[in-house]
Structure formats: structure tokens, C-alpha cells
Amino acid sequence: MLEISRLNVEFTTERGVIKALRDVDLEVPRGSIVGVVGESGCGKSTMINSIIGLLAHNAAVRSGSITFEGSDLLQKSQRELRDIRGTRISMVFQDPMTALNPVLSIGAQMTDIQYRDPIGMAQKKQRSIRMLSRVGIPDPETRLENYPHQFSGGMRQRIAIAMALQAEPALLIADEPTTALDATLEVQIIHRLKDLQQSMGCSILFISHHLGVIAELCDFVVVMYGGEVVERGTVRDIFHRPAHPYTIKLLECDPARIAETTRALPTIPGEIPDLVNLPPGCIFADRCDRCIKVCREQIPQTTEFAEHHWARCHLAGSMAET
Amino acid sequence: MSATEISAQATQMPATWQNVWRALKRVLREPLGALGFGLVMFVLVSAIGADFFAPFEPNKIDIRAKLQPPSAEHYLGTDQLGRDIYSRVLVGGRIALKVSLVSIGIALVIGLTLGLIAGYGPRWLDNSLMLLFDSVRSFPTVMFALAVVTLFGPSLTTVMIVVIVTQIPIYGRMVRSQTQALRDAEFILAERAMGAGFFRIIAMHILPNVVGPLLILASMDIPFVITIEAGLSFLGMGVRPPTPSWGTILNDGYSYIYNTPWPVIAGGIPVILTTLGFTFLGESLRDVFDPKLRKEI
């Protein structure tokens, strides 16, 4: 339903051209939840902003396509994109503390975003109440009058989800929706999202740092590193048969996997490469402990192991076997 | 604006009035806030009811009763033409309030619009508006006022034009910086991701965030404007005689200060009271609305 292929996005800065996304391929099948993992600065947000057409002024899409429901979003005018945003594609943001307007009541904001629908005020209000109760806000009629600061973080994130799903979009983009919440709330929000997704039949593009959440919620996982998609597969593939060294490292660093008491959390040594002056070979070569000569010279091609499971690594084939 | 949007605002009204009432209660709880509110109400009532309260026609000349001290007949005495100063102070208050409220209101609307455009619009527009604001701001107010008066002649309208032109950059700058801080806020991005357009974001989301601080700033500017009017009238550059104004009362009294001090006192006290009243009210409003300064939640 959503298909990104060979997407290249660049930022023009004083330091030079930052190649923020390079040949990004991503597919969100209808009714599925796709998780995107990767460390900060790997291009997750740039990818989202390209989908909804809200890239910064100094960003430019060099090539590629983003096909959504049969048409290329990159070819659409800002007007056409605006008609899609909030109706067919919606978004939930990371920080529920700042994602709502502090000076408007929840009811005012929820009815305002329904401005496209030719229905009366009372009906809009009814729909808001229904939506709030669906995300589990108790006593929604009276809570509509409240302002964002009168809600807790978890409640606000539910309100944000209610607002995003109000128009029953085909695709929900969730940009680290649980990062700012504590672990208990995180689980609640995740289960709520999954329930809503199943009852509405929409797809979710779910961005997260948290591997546990990804494993719990998603059908497919996309691993990004330094502006590239390095591996893609089903949750089972990625967690049980990771093929790219970066994915393997990432899984090893997950605190949930540590079995023994340790003083130092495992990390991946090194830093993300400079995206202005790219290395000639594999983007991960500098930090990879299996790096060989060819990694420094050639950009690896996609190796497919199974249906839906592929990685971009020179050694991918040999590693999957071992 | 469509019918649905208007009805959307209508349903918000009760909550808004409730908030106004709650804010007012908090203002009245502070001694200075209560004093400021009381003074402002006092000045407003006496200005609006000036014709009703004034015992004499403010311009009626009675040369035999000139320069009298306060008495049961003339509460604040009479001036050099035998006019009742109490009546003139009341009517003069109406002029002072008219100048300040009308000109600040106009400056507010224009400053708000330009500030929103500068803050949310493209950079070249922002730069040119800022250049304009800074150029106007770089003139000293009094010099600018004298220049305008020389060009157009002294009148109430000239005073108002001076006030409007000098206040617009102040409001414009403030709205611009607030808008710039807001336009990258996550909830604005969220609204854009929900498909909200330019006008919806400005009207629904940026305006309500900006308008509160702006009104507080404006309420604290009212005394400044009253002193400009009084000052220009005192210099003979404002309201033309025989129209009563606090500035002209002061000016007339100043010429006869060796004969009697009463006209100067009677003309000066309302200026002081009004200035204090609006300043106290403005400051306590700021305390109430600024969460960082709020003493209690």
C-alpha cells in the first residue's frame, strides 16, 4: 500500500550536501505494522517527513518514488498532499507533552481537525467522545473541556492517537510514540494501538528505538543505518536470523538480552559516518568487526535470503548460513 | 470563515468566559491587583459617565469666579477662565481613554497582523518588516511626535497617529518572536501533519498562544499613551483648546502656578492614578497568566 523505492534525499547546508537518505526501499503492506529501528540521525525522521511532504526548506528529494494507494506522493502538489494528510495518512509524535496546543481545550482541538467533514458541531463532538473512549480515556464527555496540561503524559498520547485515528486513515505513522513514556504506559499504549489497528484495519509505520516494542507490535522490521536501509525482514527473521552485522550488534546491545550483571552496557564502538563525505564502500565498514577489503571499496548490493528478508552486506550470504 | 468554524468558536465561549472569571478572581486576590483593578474601573466609570457626573459644562466661562480654590460648588476649584476644573478633569479623562484605547486597539490589530506575517512568512518578508519596525523604533517618540505635529498640525487625530505608528513595531516585534518560537513547536508540526493549512494554523493555533501576552503588554502601555497625550497637550501640540484634556489642564495651571496650585494638582492626580491603575493591573495580569511567575497553581 505504501511503497518507497530508491528514495534519495539531500540537505544543502553550509558544510556541504548531506546525503541523508540513500536508495531507501521500504514497503508497508495493507493492514500490517512495519517497525523501523536505527540510532539517532539514521534518517528515520527524514523518511517520515518525505512521506508526509513536510521536509525542511533546505531538503530536496533527488530521486526515487513514494507510492501510496497507487499514486506517487512526490509528484503531488502541496494542496493534494494536504488533502491526504490527516485523512489517509496520519501521524502520532514522540513527545505527548508538546504535541497538543497548550491553550486550546482537547474538545476544541479534536473538533477542529474534523474541519473537512460536512457534519454539524454536535456530531463532531459525538465522534470525538467516541474516539476518546476507544483509546481508553475515562469520562470523555467532561474531559473534552479540559486542557492538555490537565492530562498525564500517557493520557495525552492516547488523545494524540485518538486525533490521528479519528479520520480512519489507511496509514498511521507513529514516530517513537512511546519513547517519552514509562515502561508500564508503553505496554498499555502498544496494546491499545494494536487493538485499534486490528479493528480499523489500517497499516502502521512504527518508529522506535525500543527493540522489545518492535518485537511485540510489528509484523515486519526495517533496520536503518546512516541513511540506508541495511536489513529488512519479518520480526522472526530479524530477531532470530539477523543477517547484517549492524542488526546483530543492535540486538546484542538490547539491555533486555543481557543475562548477567554488568558494569558496562554493551555498545557499538565508533560513530556514524559523516554523511557529507561518504566512505566509498559499505556505510557500516568503520564500526564493523567483520569488515574485509571489499567492504571498504564497494557499496554492497542487496542480498535476499527469503521472501521479505534481505540485507545489504557483502558477507550477508555467508553469515546467514553460519 | 465557514459556518462550522463560527459555531466551533461559539461552543468555546463558555469555557473562555469561565477562564476570564477565574483570572479576574486571581487578580483581585493580590492587593496590588485589586488596587489596580479598582483604579481602572474608577477611571473607566468616571470617563464614561463624565457628562452625567460633571456639575458644570466643562467649557463654560465664568470670568468672575476665576482661579478659585476647591469649594462646595467647585470641587477642584476653577481655572483662569473660571471653568470648573472637576468637570474638565472628568471630560478630559474621556479624551485620554479614547486616545489610548482607540490608538492602542488599532496598533494592536496592525502589529499583530504584521507580526504574524513576519514570524510565519518567508524570510525576505520578515527581514523587510523588521527593517521597517527598527527604522520607526529608532526615532525618539517625542521628536517623531513633534515632527508629525509640525507636518499635520496639532489635533487629537495627530496624537493618535503618533501613538499608533510608534506602538505598532513594539507589538509587531513581540508577536513575531512568539510566532517564530511557536512555528517549530511540535503541535504545529502535528497540525500540519494532520493537513491543516496556513490560515488554520495561524488562526486556530498561533493566535490564541500569542494574544494573551500581547493584551497584557497593551494594558501596560495604556498609561504610557495617556502620558504622551498629556505631554503633547501640555506642549500645546495635542488637543486644541478649549477641549479639556489632562495635559491642557496642567498646561493652563502651570501658567498660573504662582496664583494657585490647585489646577496643577487637579490635572496631575488623575494622570498619576490612571498610570498606576493600569500598571498594577497589567503587572498582576502578567503574573496570573505567566506560569513561570504564578505563585499557586
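For clarity, every value in this text was computed on a predicted model and none was experimentally measured.
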> Can you tell me if B/R137 has over 12 outside heavy atoms packed within less than 6.0 Å of its CZ?
no

> I need the minimum non-hydrogen distance between A/L54 and B/R192, along with the two atoms involved.
CD2-NH2, 3.3 Å

> Non-hydrogen atoms of chain B under 4.5 Å away: do they reach the side chain of A/I89, the backbone, both or neither?
backbone

> Would you mind checking which part of A/R116 comes under 4.5 Å of any heavy atom in chain B, side chain (CB onward), backbone (N, CA, C, O), both or neither?
side chain

> In terms of heavy-atom proximity below 4.5 Å to chain A, should B/L182 be classed as side chain, backbone, both, or neither?
neither

> Sort A/D95 into side chain, backbone, both or neither according to what part of it lies under 4.5 angstrom from a heavy atom of chain B.
both

> Side chain, backbone, both or neither: which part of A/A167 has a heavy atom under 4.5 Å from chain B?
neither

> Shortest non-hydrogen contact from A/M91 to B/M194?
O-CE, 4.0 Å

> Which atoms of A/I113 come close to chain B, meaning under 4.5 Å heavy atom to heavy atom: side chain ones, backbone ones, both, or neither?
side chain

> Within the supplied structure, the quantity of interest is the number of heavy atoms (other residues, nucleotides, ligands) at a distance under 6.0 Å from B/F198 CZ; does it exceed 12?
yes

> Return the minimal non-hydrogen interatomic distance between B/L189 and A/F93, and the atom names on each side.
CD2-CE2, 3.5 Å

> For residues 115-136 of chain B, give me every residue with a non-hydrogen atom less than 4.5 Å from any non-hydrogen atom of chain A.
none

> For B/A185, is it the side chain, the backbone, both, or neither that has a heavy atom closer than 4.5 Å to a heavy atom of chain A?
neither

> So do the side chains of B/H205 and A/D112 get within less than 4.5 Å of each other, counting heavy atoms only?
yes

> Might you point out which heavy atoms bring A/A99 and B/A190 nearest each other, and give the distance in Å?
O-CB, 3.9 Å

> Minimum heavy-atom separation for A/P102 and B/F187, please, with both atom names.
CD-CE2, 3.6 Å

> Can you name the salt bridge (Lys or Arg N to Asp or Glu O under 4.0 Å) partners of A/R30, sequence neighbours left out?
none

> To the nearest 0.5 Å, how far apart are CD in B/E186 and CG in A/N101?
13.0 Å

> Counting only heavy atoms not in A/K125 (residues, nucleotides, ligands), do more than 12 fall under 6.0 Å from its NZ?
no

